[in-house]
Structures are given as structure tokens and as C-alpha cells.
Amino acid sequence: MGRGPQSDAVLRALDDARRSGRWVGVDAGLVDLVVPFRKSFGAPMRVEVWADEPPSDDGWDHVVDVDLDVRDGLLVFEPSGGFTPTRCEGRVSSGCYRARVSGRGYSAAAQGAEGMDSYRIRLWPRVRTASPVLRGSWPGWASVP
């Protein structure tokens, strides 16, 4: 990762994720999802768009709501470490959203099982900005270095 405004936003979002204890950080339109284990690059990420706030994500290990603005109908998912980003174009309209970021399979993946974690982002229109909200926290965070 090079230096500049975008890489600084990544570092600030990472700091926000850790410092807040939400393990999901935000900065300058970027959302950083931290996972409690090293590899997660092949994990599925489902993106859903809802007309209104979706039901709670019961049964998921970790759930955080954040604001997310989509510009030019483009979402980009980029694993850390310089791996190739995945572009999600034309599936989400440009606009201001609330995003519910959810992850599951953390316990199995943290114990070394590969392919057990999965993720979901649910988007719905928002009318005003709101602070991030930790809705559910995986209890294993306490043992992550």
C-alpha cells in the first residue's frame, strides 16, 4: 500500500476498528472489517440491498452498523496485504446507506479451520448520519492478540 490520502484512510479506519472494540472501523468513506484470524481471502461476502432496515442478524458472530456512501454505483472489496480488489459494479445504486456488516464462523476459523467464515453486508437507505453501533460481538475477541 502506498502513501497518500487513501492509505491514510485505511490506517485510520483500522485504528478506529481496534480502538473502538467494534472491529469494524470507518474513515473517509472506507469501511475496514477486521477478522480474528490470518486468512479469510476466499470467504464469501454477500451484499443485500433492502428498502428499509432489515431484521437483526441473530445467529451471526459479529454485527456492526455503520454509514456507507456508495458513489458511482461501485463497491470495492480489498483484502489486506496487497491482494487484488474485487469490484462490485452496478448492483448497488449510488446513495447514502446504513450498512449492517455481519460475520460468522469465527470460532472455527480462529481455531484453524479454513473456509468456515462468511460475511454479509445489508444496505438500506439512510436519511441522516449516525454513529457506528456494535450490535453483537464475538466473545473470542478477548483472546485475540
Side-chain angles (χ1 to χ4, degrees), residues 1 5-81 83-111 113-145:
M1 171 174 38
Q6 185 64 18
S7 63
D8 290 346
V10 169
L11 294 175
R12 287 189 306 267
L14 176 60
D15 182 58
D16 178 47
R18 289 182 173 150
R19 187 177 26 78
S20 69
R22 289 186 314 268
W23 301 103
V24 174
V26 292
D27 189 82
L30 183 137
V31 176
D32 192 341
L33 167 63
V34 178
V35 296
F37 35 85
R38 288 190 182 268
K39 288 191 343 186
S40 177
F41 304 125
M45 169 69 80
R46 180 178 174 89
V47 178
E48 299 175 357
V49 180
W50 290 68
D52 295 302
E53 181 175 352
S56 64
D57 275 351
D58 297 334
W60 289 73
D61 292 335
H62 201 76
V63 182
V64 178
D65 288 357
V66 297
D67 287 351
L68 176 65
D69 296 342
V70 176
R71 303 193 194 298
D72 303 320
L74 174 65
L75 290 174
V76 178
F77 299 95
E78 184 174 350
S80 62
F83 291 87
T84 304
T86 299
R87 297 169 63 90
C88 180
E89 290 183 80
R91 296 192 176 130
V92 177
S93 298
S94 297
C96 298
Y97 294 93
R98 191 69 173 162
R100 181 158 297 146
V101 181
S102 305
R104 66 179 168 193
Y106 282 18
S107 293
Q111 293 173 5
E114 291 189 30
M116 299 305 294
D117 56 321
S118 62
Y119 303 89
R120 177 168 67 190
I121 297 178
R122 292 174 152 183
L123 303 169
W124 67 96
R126 75 170 198 271
V127 293
R128 66 184 61 85
T129 59
S131 298
V133 174
L134 176 63
R135 295 187 159 275
S137 182
W138 178 61
W141 283 112
S143 62
V144 174

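Residue indices begin at 1 and follow the sequence shown.
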Worksheet item: For Trp23 and Ser137, does a side-chain donor sit closer than 3.5 Å to a side-chain acceptor?
Response: no
Nearest-0.5 Å distance that lies between atom [atom1] in [X] and atom [atom2] in [Y]:
| X | Y | atom1 | atom2 | value |
| --- | --- | --- | --- | --- |
| Ser20 | Leu134 | OG | CG | 8.0 Å |
| Asp27 | Asp8 | CG | CG | 9.0 Å |
| Asp65 | Ser131 | CG | OG | 11.5 Å |

### Task
Determine whether more than 12 heavy atoms belonging to other residues, nucleotides or ligands lie under 6.0 Å from atom CE of Met45.
yes
Can you confirm whether Arg19 is buried at CZ, in the sense that more than 12 heavy atoms of other residues, nucleotides or ligands lie under 6.0 Å from that atom?
yes
Is a side-chain donor or acceptor of [X] paired with a backbone partner of [Y] at a separation under 3.5 angstrom?
| X | Y | answer |
| --- | --- | --- |
| Asp61 | Tyr106 | yes |
| Ser118 | Pro44 | no |
| Arg91 | Glu48 | no |

- Query: Between Val133 and Arg98, does a side chain to side chain contact (heavy atoms under 4.5 Å, CB included) hold up when you go through it step by step?
  - Reply: CA-CA 11 Å; Val133 174; Arg98 191 69 173 162; 3.6 Å; yes
Of the non-hydrogen atoms in [X] and [Y], which two are nearest, and what is the gap between them?
| X | Y | answer |
| --- | --- | --- |
| Trp141 | Val34 | CH2-O, 3.4 Å |
| Leu30 | Ala13 | CD2-CB, 3.5 Å |
| Asp16 | Gly25 | OD2-CA, 3.3 Å |
| Ser94 | Gly73 | OG-N, 2.7 Å |
| Ala99 | Trp124 | C-CZ3, 4.3 Å |

### Query
Do Arg12 and Asp32 sit within salt-bridge range, that is, some charged N less than 4.0 Å from a carboxylate O?
no
So that I can tick it off, tell me whether Asp69 and Arg126 are bridged by a salt bridge, with the cut-off set at under 4.0 angstrom between side-chain N and carboxylate O.
yes
Practice task
Go through the steps for Val47 and Tyr119 under the test side chain to side chain contact (heavy atoms under 4.5 Å, CB included), then give the verdict.
Solution key: CA-CA 9 Å; Val47 178; Tyr119 303 89; over 6 Å; no
- [ ] Determine whether Cys96 and Asp67 make a side-chain contact, defined as any pair of heavy atoms from C-beta on separated by less than 4.5 Å.
- [x] no
- Message: What I'd like to find out is whether the side chain of Trp50 reaches to under 4.5 Å of the side chain of Pro125, using heavy atoms alone.
- Response: no
The single option from Arg135, His62, Arg122, Arg104 that satisfies side-chain hydrogen bond (donor to acceptor under 3.5 Å, both in side chains) with Asp57 is Arg122
Please determine whether side chain to side chain contact (heavy atoms under 4.5 Å, CB included) holds for the pair Val70 and Leu75, giving the CA-CA distance in whole Å, both sets of side-chain angles, and the decisive distance to 0.1 Å. CA-CA 7 Å; Val70 176; Leu75 290 174; 3.8 Å; yes
* Please test Leu123 against Leu68 for side chain to side chain contact (heavy atoms under 4.5 Å, CB included), starting from the C-alpha separation and ending with a verdict. => CA-CA 8 Å; Leu123 303 169; Leu68 176 65; 3.9 Å; yes
